[in-house]
Amino acid sequence: MGIEFLGIAGLNDGGETQARSGTSFDKDYTLRFARAHEDNGWDRILFAYHSGSPDPSTAAAYIASKLDHLKILLAHRPNVSYPTYAAKVFATLDQISDGRLNVHFITGGSTADQAAEGDFLTKDERYARTGEYIRIVKQAWTSREPFSFDGEHYRFENFVSDIWPAANRQRPEVSFGGSSPAAYAIGAAEADIYAVWGEPLANTAEQIKTITDAAHAAGREQRPKIQVAFRPIIAATEELAWQKAHDILAKIERRTAGAAPSSFIGDLKNPENAGSQRLLSIAEQGDRYDRALWTKPAAVSGGRGNSNALVGTPETVAAALLDYVDLGVDILSARGYDFVNDTIDFGRYVIPIVREEVARRDAAAAKTAAAASDDLQRRAHHDAA
């Protein structure tokens, strides 16, 4: 089946544990951080989005022009541009990167952050708009003839693009996230990849079933690929890993206590989006689950984004990730707290363990399938004789 590892593109060195040391877009740091992924076994990095951030598509184009292999996942919110225009931007970036682009569509989990850029739709209206947006973008990527659209949120006549995705592929894959009923309905129908935040195994299995059922209800034979995200905290021993984890937690608590209110952070105790609500509910029930899942970082940060950690030695964290692979997860998303160094360590010490085990399992499954096929052929030959 293979497995893909997704990291994060950091445009500066600021994060939950430290304030940034320079500007919001530090070009040299952005390249150094991206190169740490490319040089250490990662497949792709996410260029994230919020209302006040530097433009992620421009930053992604910069990295695509500098690195040879690392793939890109570009986050995009439908409220900021018309879908026909966005489709051309994405296609251009896909050509710049020689077919290395996927696009993650963000419906928006914070009403305040949406309003900061002039978007005043309700949450369910935003999801309906995202569904239309994705359908238009996919058609713009693949159509060579003019087409029209007349929907609830978009209307146009006889559009045809003169820029398409790279010649080596039909189109980029579409990624989508959300944990509300409206999100499941739209994402399971339209997305190639469904992204969820790291939860205990039982909860993740529940989400995968919900996504699968929604995909079948939408008439799809197969569900989207599943992506799950964690914050790995690794060290040479379990004791050192947990010491490191508690040091990180203390830094997060200090940073959170001193943070000024913003539309991006929102209410830490009462977040709007269903994904954060799920993380906080899980944290209230316990702070440690399964092999290595630790929920305290999510609890102190309001469940904001990818915030549940996996703590332990590289072997422990790799085994925990393989438990999610066993559930049917296709893409493992991870980012540490000391961005560059944690990216290097995870790439050197965790990714090879997971890849080797997945390859071993794939080879064993292929061998079993071949043996079963040979057995069927022998039986057919025997019956015919």
*Could you note down all residue pairs passing side chain to side chain donor-acceptor pair (under 3.5 Å) where residues 56-69 supplies at least one of them, sequence neighbours left out?*
Asp55-Ser57, Asp55-Thr58
_Distance-minimising heavy-atom pair for Ser180 and Ala274_ = N-CB, 3.9 Å
*Would you kindly say whether Tyr194 and Gln207 are connected by a side-chain donor-acceptor distance under 3.5 Å?*
no
_Any carboxylate oxygen within less than 4.0 angstrom of a Lys/Arg side-chain nitrogen, looking at Asp94 and Arg169?_
yes
*Is a donor on one side and an acceptor on the other found under 3.5 Å between the side chain of Asp13 and the backbone of Ser21?*
yes
_Gln285 side chain to Ser281 backbone, donor-acceptor under 3.5 Å_ = yes
*asked:* Main chain of Pro200, side chain of Thr204: is a donor-acceptor contact present, judged purely on distance under 3.5 Å?
replied: yes
*Any side-chain heavy atom of Val350 within less than 4.5 Å of one from Pro232?*
no
*Set of residues satisfying side chain to side chain contact (heavy atoms under 4.5 Å, CB included) with respect to Gln243, sequence neighbours excluded*: Leu240, Asp247
*Over 12 non-hydrogen atoms of neighbours within 6.0 angstrom of CD in Gln18*: yes
_Asn308-Glu199 side chain donor-acceptor pair, cut-off 3.5 Å_ = no
*With a cutoff of under 4.5 Å between side-chain heavy atoms, which Ile, Leu, Val, Met, Phe, Trp and Tyr residues group with Ile353?*
none
*asked:* Ignoring hydrogens, what is the shortest heavy-atom contact between Ala75 and Pro56? Give both atom names and the distance.
replied: O-CG, 3.9 Å
*Taking only residues two or more places apart in sequence, or in another chain, which ones meet Phe156 in a ring pair (Phe, Tyr, Trp, His ring centres under 6.0 Å)?*
Phe147
*Indicate if Val358 and Ile226 have the same hydrophobic cluster label, given that clusters are the connected sets of ILVMFWY residues with side-chain heavy-atom separations under 4.5 angstrom.*
yes
*Look at atom NZ of Lys138 and say whether more than 12 heavy atoms of other residues, nucleotides or ligands are closer to it than 6.0 Å.*
yes
*Shortest non-hydrogen contact from Glu190 to Arg135?*
OE2-NH1, 3.1 Å
*When you measure from the side chain of Gln114 to the backbone N and O of Phe120, does any donor-acceptor pair fall under 3.5 Å?*
no
_Single-linkage hydrophobic cluster Leu321~Ile3, side-chain heavy atoms < 4.5 angstrom_ = yes
*Show your reasoning for whether salt bridge (charged side-chain N to carboxylate O under 4.0 Å, His left out) applies to Lys209 and Glu206.*
CA-CA 5 Å; Lys209 183 180 186 305; Glu206 170 194 286; over 6 Å; no
*asked:* Test of understanding: clusters of I, L, V, M, F, W, Y form through side-chain heavy atoms closer than 4.5 Å, transitively. Do Val137 and Tyr82 belong to the same one?
replied: yes
*For the ring-ring contact (aromatic ring centres under 6.0 Å, His included) test, which of Tyr133, Phe149, Phe159 pairs with Tyr154?*
Tyr133
*Give the minimum heavy-atom separation between Ala128 and Glu152, together with the two atoms involved.*
CB-OE1, 4.5 Å
*Could you tell me which residues satisfy salt bridge (charged side-chain N to carboxylate O under 4.0 Å, His left out) with Glu238, sequence neighbours excluded, listed by chain and number?*
none
*For the side chain of Ser148 and the backbone of Asn158, is there at least one donor-acceptor N/O pair under 3.5 Å apart?*
yes
*asked:* Closer than 4.0 angstrom, basic N to acidic O: yes or no for Lys367 and Asp362?
replied: no
*Sort out for me which residue in Tyr289, Trp242, Phe230 forms a ring-ring contact (aromatic ring centres under 6.0 Å, His included) with Trp294.*
Trp242
*Taking ILVMFWY side chains as joined if any heavy atoms are under 4.5 angstrom apart, and letting links pass through other members, which residues group with Leu279?*
Trp197
*Are any of the side-chain nitrogens in Arg335 or Asp342 under 4.0 Å away from the carboxylate oxygens of its partner?*
no
*Give a yes or no on whether the backbone of Ala229 and the side-chain of Ser333 come within a donor-acceptor separation of less than 3.5 Å.*
no
_Can a donor-acceptor pair be found, under 3.5 Å and without considering hydrogens, that links the side chain of Asn12 to the backbone of Ser24?_
yes
*Regarding Thr122 and Glu125, is there a side-chain donor-to-acceptor distance under 3.5 Å anywhere?*
yes
*Identify, with sequence neighbours excluded, every residue that meets salt bridge (charged side-chain N to carboxylate O under 4.0 Å, His left out) alongside Arg77.*
Asp113, Glu117
*Between Ser276 and Gly303, is there a donor-acceptor pair closer than 3.5 Å when you use the side chain of the first and the backbone of the second?*
yes
*Transitive ILVMFWY cluster of Ile193 at side-chain heavy atoms under 4.5 Å: who else is in it?*
Leu6, Ile8, Tyr29, Phe33, Leu46, Leu73, Ile331, Phe339, Val340, Ile344
*Between the main-chain N or O of Gly275 and the side-chain N or O of Asn273, is there a donor-acceptor pair closer than 3.5 Å?*
yes
_Heavy-atom count check: over 12 atoms from other residues, nucleotides or ligands less than 6.0 Å from Lys27 NZ?_
no
*Where is the tightest heavy-atom contact between Ala188 and Ala214, given as atom of each residue plus distance?*
CB-CB, 3.5 Å
*With sequence neighbours excluded, residues passing salt bridge (charged side-chain N to carboxylate O under 4.0 Å, His left out) with Asp338*: none
_Under 4.5 Å between side-chain heavy atoms, counting indirect links through other Ile/Leu/Val/Met/Phe/Trp/Tyr residues: same cluster for Leu322 and Ile234 or not?_
yes
*All pairs passing side chain to side chain donor-acceptor pair (under 3.5 Å) where residues 36-47 contributes a residue, at least two apart*: Glu4-Arg44, Asp43-Arg355
*asked:* I'd like to know whether CZ of Arg144 has more than 12 heavy-atom contacts from other residues, nucleotides or ligands below 6.0 angstrom.
replied: yes
*Thinking salt bridges, do Asp330 and Arg223 make one under a 4.0 Å N-O criterion?*
yes
*Going by an N to O cut-off under 4.0 Å, is there a salt bridge joining Lys123 and Glu272?*
no
_Minimum heavy-atom distance between Thr256 and Val300, given as atom pair plus value_ = CG2-O, 3.7 Å
*Backbone N/O of Asp26 and side chain of Thr30: donor-acceptor pair under 3.5 Å*: yes
*With Asp287 via side chain to side chain donor-acceptor pair (under 3.5 Å) - residues at least two apart*: none
*Pairing residues for Arg171 by the salt bridge (charged side-chain N to carboxylate O under 4.0 Å, His left out) criterion, not counting sequence neighbours*: Asp192
